[in-house]
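What follows is a set of notes on a single structure, which appears directly below.
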Amino acid sequence: MKLQNALTAFDALSQETRLQAFRLLVEAGPQGLAAGAISDALGIPHNTLSFHLTHLSQAKLVTSRKEGRSIIYMANFEQMRDLIAFMVQDCCSSDLARLHQAENADCAVVEIVDCCKPQSVNTES
């Protein structure tokens with residue numbers, strides 16, 4: 001993933017409603033959710049949701065399809081995997097953090113070794 005694409009994705013996710021909508025769509029899986037169901041779940045008006053989904057779509061984090069009179073939104077799992085891979089690609093070293101395909105599932109696994117473990121702080125005086 002290019003730096004500019006990552007920045008666009010982070011910008012889209014840096015707003016609370018957009019992050020909640022994206023997480024809801026991730027939870028819904030590949031079948032996605034109708035815009036009305038997302039609006040109801042988040043308790044926000046349809047026009048407000050439309051504004052936020054446009055941001056997520058422009059960042060390529062969500063896709064949509066028309067089903068009858070409804071628009072169904074889905075998380076773009078490929079873009080999400082690319083963003084996660086971008087985040088861990090330089091974590092300590094490639095030996096300590098990597099993204100790989102799960103053996104018996106159609107998903108990716110992020111594996112991070114204790115390379116970035118915080119140092120304990122001595123609070124005793």
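Computed from heavy atoms alone, side chains included, the values below leave out hydrogens, waters and symmetry copies. Everything numeric in this text was worked out from a predicted model, so none of it was measured.
When side chains are defined from C-beta on, Asn76 does not count as touching Leu25, because their heavy atoms never get closer than 4.5 Å. Inter-residue side-chain proximity for Val62 and Phe22 is flagged as met; some heavy-atom pair is nearer than 4.5 Å. Side-chain contact check for Lys60 versus Glu78: every heavy-atom pair is 4.5 Å or farther apart. Contact check for Leu3 versus Leu7: side-chain heavy atoms found under the 4.5 Å cut-off. At least one side-chain heavy atom of Ile44 sits less than 4.5 Å from a side-chain heavy atom of Thr17.
Ser39 places no side-chain N or O within donor-acceptor distance of the main-chain N or O of Ala35, the cut-off being under 3.5 Å. Put simply, the side chain of Ser14 gets close to the backbone of Asp11: a donor and an acceptor are under 3.5 Å apart. Thr8 places a side-chain N or O within donor-acceptor distance of the main-chain N or O of Gln4, the cut-off being under 3.5 Å.
Annotation: the span from Leu42 atom CG to His52 atom NE2 amounts to 9.5 Å, rounded to 0.5 Å. Interatomic distance, CZ of Phe51 versus CZ of Arg18, reported as 6.0 Å (0.5 Å rounding). The distance from the CD atom of Gln31 to the CD atom of Glu67 is 10.5 Å, given to the nearest 0.5 Å. Separating the OG1 atom in Thr63 from the CG atom in Leu56 is a distance of 11.0 Å, to the nearest 0.5 Å.
With a 6.0 Å radius and a threshold of 12 heavy atoms from other residues, nucleotides or ligands, Glu27 has its CD atom at or below the threshold. Under a cut-off of 6.0 angstrom, the local environment of CZ in Arg65 is crowded, with over 12 non-hydrogen atoms contributed by other residues, nucleotides or ligands. For Gln15, the CD atom is densely surrounded, since the number of other residues' heavy atoms within 6.0 Å is greater than 12. Enclosure of atom NZ in Lys2 is not indicated, since only 12 or fewer non-hydrogen atoms of other residues, nucleotides or ligands lie within 6.0 angstrom.
Cluster membership for Leu19 and Phe77, using ILVMFWY side-chain heavy atoms within less than 4.5 angstrom, is shared. Hydrophobic clustering keeps Val26 apart from Ile72 (ILVMFWY residues linked when any side-chain heavy atoms are closer than 4.5 Å, directly or through intermediates). One hydrophobic cluster, built from ILVMFWY side chains closer than 4.5 Å, holds both Leu53 and Leu83.
Among all heavy-atom pairs drawn from Leu61 and Ala9, the shortest one is CD1-O, 3.8 Å.
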Is there a side chain to side chain contact (heavy atoms under 4.5 Å, CB included) between Met87 and Phe10 once you walk through the steps? CA-CA 11 Å; Met87 289 299 298; Phe10 287 127; 3.1 Å; yes
Walk me through it: do Ile38 and Tyr73 pass the test side chain to side chain contact (heavy atoms under 4.5 Å, CB included)? CA-CA 9 Å; Ile38 300 168; Tyr73 288 89; 4.0 Å; yes
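Taking the side chain to side chain contact (heavy atoms under 4.5 Å, CB included) definition, one finds that Ala41 meets it with Leu24, sequence neighbours left out.
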